[in-house]
Amino acid sequence: MLDLKQFEVWFITGSQHLYGEATLRQVDEHSQIIARHLGQTPQVPVRVIFKPVVKSPEEIYNIIQEANSTVHCIGIVAWMHTFSPAKMWIRGLQILQKPLLHLHTQYNRDIPWAEIDMDFMNLNQSAHGDREFGFMMTRMRLNRKVIVGHWQQDHVAEGLGQWARVAAARHDLKGAKFVRFGDNMREVAVTDGDKVAAEMTFGFSVNTYAVGDLVAVIDQVSDADITALVAEYTDTYQLAAGLESSGQRHQALRDAAKIELGLKYFLKDGNFKGYTNTFEDLHGMKQLPGIGSQRMMAAGYGYAGEGDWKTSAIVRALKVMASGLPGGNSFMEDYTYHFNPSNNLVLGSHMLEICPSIAKGKPSVEVHALGIGGKDDPVRLVFDAPAGPAVNVSLVDMGNRFRLLVNEVEATEVTEQLPKLPVARVLWKPQPDMQTACAAWIYAGGAHHTAFSQNLTTEHIETFAEMVGVELVVIDKNTTLRQLKNELRWSEAYYR
Ligand code: MN
């Protein structure tokens, strides 16, 4: 996965000349200490770069212009240790093109009751200095994240880390290229959408490539490379009977490895960050890619089936946000229900393409018939996902805007064997309950396809929605249908 340490956030402290040299030197020192501390906390996955304190409209404008044009700068953290009259910030904030986190902190945690004097007050003014800055951002209608707390407190590092992860994903999508092999699954509505609007909103492009172009790359794959990948399969997974080198179905495994390598070379060559394909357009391919797509996802690529480029992009974004965290992120589909009143469950899966990053234990490699696609029996990784909290995220094109929809769920152990359903599977209980969650999802127009995350939270998605300026609808333990329907109505008015 992506090493997030390649990215930096700039720590910018605002002040003014009024205070004199001595105070400003202290502001500078304190800011350096805070920036260094935050950059060293394990919760913050990116580099935190201290920038000299800004004291005038010109300095503010210049530093923001520099941040805009610095490729690896993914956002800025602003803090007003002292009072920085905010009209000085207007011109700078007007050109700001990177996400902003407003850190509302204070150098001293406690008031030094016995020693506090006017010099102390002169220096430690964020209680009002940050409000002046906050007013300006609100007055300018700028989205940002506000974090409140002493800089040594864990929740501050956690909040900054979470925001930085999201900023990295936003940055990663800017200019990202996604491949659409073939078009949308015929007649399907929710997977389609406005690719021009998506590029303007998120920064990624989706362009079509002929399956024949991919097949040409697959056909170039060498036998030696196939043998090496088959060996990797054998080392990494449990091989089903018949797939071993002397087995009757070994050729299917080699065919699948060849497809995976073709996909890998195609994506790498074109510098793509994800793709989508459709079983309705597999001309020249021997199998529908199963294990290949599963492993491309595990390597960090975005993927979704049936031409669903929106979910592919979201899967990629979540993978970037979650870089280095335990747990995984996958393309997912609400497959079928267990409407048992004492144990309501959703079974999540897909025909083949679930990412093994969410697997519990060692996946098994199996080959089985698949009625859909009309090709040879495809090879796939079969596994169960573990119990634990998760979120399902859907990106919906509402015509005049994009809506990000989140449902918090609780995954449960897969205790049954499902011997006749040889696909990867996840079981979950949606919040707040089955009836409310499913009805709310349907009212909100959520897709059957989602990105499923074990290691991100609603707050990541909320921050992301704010950074890119799209609507967010959350279904969680507090959701009631009446309230949700009102939110959807109000939202219609807001975006009209
Ligand atoms: Mn599907």
Side-chain angles (χ1 to χ4, degrees), residues 1-2 169 172-173 176-185 188 190-193 195 198 202 204-209 211 214 217-218 256 259-268 270-282 285 287-323 328-333 335 348-359 363 370 372-373 378-381 383 385 392-395 423-424 426 447-454 456:
M1 265 318 298
L2 224 54
D172 177 77
L173 284 184
K177 298 192 293 175
F178 288 81
V179 181
R180 192 173 184 181
F181 292 116
D183 203 299
N184 196 54
M185 180 181 165
V188 175
V190 77
T191 49
D192 225 323
K195 299 200 278 290
F202 300 95
F204 64 81
S205 64
V206 183
N207 284 294
T208 187
Y209 287 81
V211 176
L214 173 61
V217 178
I218 292 170
I259 291 170
E260 175 179 331
L261 288 164
L263 273 169
K264 184 176 162 184
Y265 299 153
F266 190 97
L267 294 170
K268 216 171 166 189
N271 199 21
F272 298 113
K273 290 180 175 173
Y275 68 103
T276 176
N277 60 351
T278 167
F279 63 88
E280 285 177 332
D281 191 352
L282 295 173
M285 296 190 79
Q287 303 172 7
L288 173 62
I291 189 171
S293 289
Q294 292 179 292
R295 284 170 47 90
M296 286 301 100
M297 264 189 281
Y301 288 100
Y303 174 81
E306 291 120 39
D308 187 352
W309 51 270
K310 296 195 297 297
T311 304
S312 179
I314 293 300
V315 167
R316 167 69 185 190
L318 300 194
K319 283 182 175 289
V320 173
M321 282 181 214
S323 285
N329 292 272
S330 178
F331 169 49
M332 189 57 66
E333 179 170 297
Y335 224 40
S349 190
H350 206 256
M351 291 187 291
L352 303 168
E353 311 93 338
I354 299 296
C355 178
S357 67
I358 66 166
L370 181 70
I372 284 170
V379 176
R380 79 290 303 271
L381 293 169
F383 55 85
N392 272 316
V393 185
S394 175
L395 178 63
V423 290
V426 191
H448 55 289
H449 283 172
T450 59
F452 175 87
S453 178
Q454 294 170 326
L456 299 169

Should [X] and [Y] count as side-chain neighbours, where that means a heavy-atom distance under 4.5 Å?
X: S349; Y: I354; value: yes
X: V379; Y: I259; value: no
X: I358; Y: M332; value: yes
X: D183; Y: D281; value: no
X: F181; Y: L263; value: yes

Where does the angle between the aromatic ring planes of H449 and F331 fall among parallel (under 30°), tilted (30 to 60°) and perpendicular (over 60°)?
->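 Taking F331 first and then H449, their aromatic rings stand perpendicular (interplane angle over 60°).
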What is the distance from atom [atom1] of [X] to atom [atom2] of [Y], rounded to the nearest 0.5 Å?
X: L288; Y: R380; atom1: CG; atom2: CZ; answer: 9.0 Å
X: M296; Y: E260; atom1: CE; atom2: CD; answer: 4.5 Å
X: L456; Y: M321; atom1: CG; atom2: CE; answer: 6.5 Å
X: N329; Y: L318; atom1: CG; atom2: CG; answer: 5.0 Å
X: L370; Y: F279; atom1: CG; atom2: CZ; answer: 9.0 Å
X: L214; Y: I218; atom1: CG; atom2: CD1; answer: 4.0 Å

Looking at F204, W309, Y303, which one forms a ring pair (Phe, Tyr, Trp, His ring centres under 6.0 Å) with Y275?
->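 By the ring pair (Phe, Tyr, Trp, His ring centres under 6.0 Å) criterion, Y275 pairs with just one of F204, W309, Y303: Y303.
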Side chain to side chain contact (heavy atoms under 4.5 Å, CB included) partners of [X], counting only residues at least two apart:
X: D192; result: R180, N184
X: E280; result: M185, R186, T278
X: S312; result: F178, A304

ring-ring contact (aromatic ring centres under 6.0 Å, His included) partners for F383, two or more places apart =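 F383: no ring-ring contact (aromatic ring centres under 6.0 Å, His included) contacts found.
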Quick one: list whatever passes ring-ring contact (aromatic ring centres under 6.0 Å, His included) with Y265, sequence neighbours left out.
->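 Expected list: none.
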Shortest non-hydrogen contact from [X] to [Y]?
X: V190; Y: A447; answer: CG2-CB, 3.5 Å
X: L352; Y: G290; answer: CD1-CA, 3.7 Å
X: I314; Y: A451; answer: CG2-CB, 3.7 Å
X: A313; Y: L173; answer: O-CD2, 4.1 Å
X: I291; Y: A256; answer: CG2-CB, 3.8 Å
X: G182; Y: T208; answer: O-OG1, 3.8 Å

Any pair counted as salt bridge (charged side-chain N to carboxylate O under 4.0 Å, His left out), so long as it reaches residues 302-322, sequence neighbours left out |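 Listed once each, the pairs are D172-R316.
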S330 side-chain N/O to F452 backbone N/O, donor-acceptor pair under 3.5 Å |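 Not a single qualifying donor-acceptor pair exists.
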Full working for side-chain contact (heavy atoms from CB on, under 4.5 Å) between L381 and R295 | CA-CA 9 Å; L381 293 169; R295 284 170 47 90; 4.2 Å; yes
S293 and Y301: side chain donor to acceptor below 3.5 Å |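 Note: S293 and Y301 side chains miss the donor-acceptor criterion.
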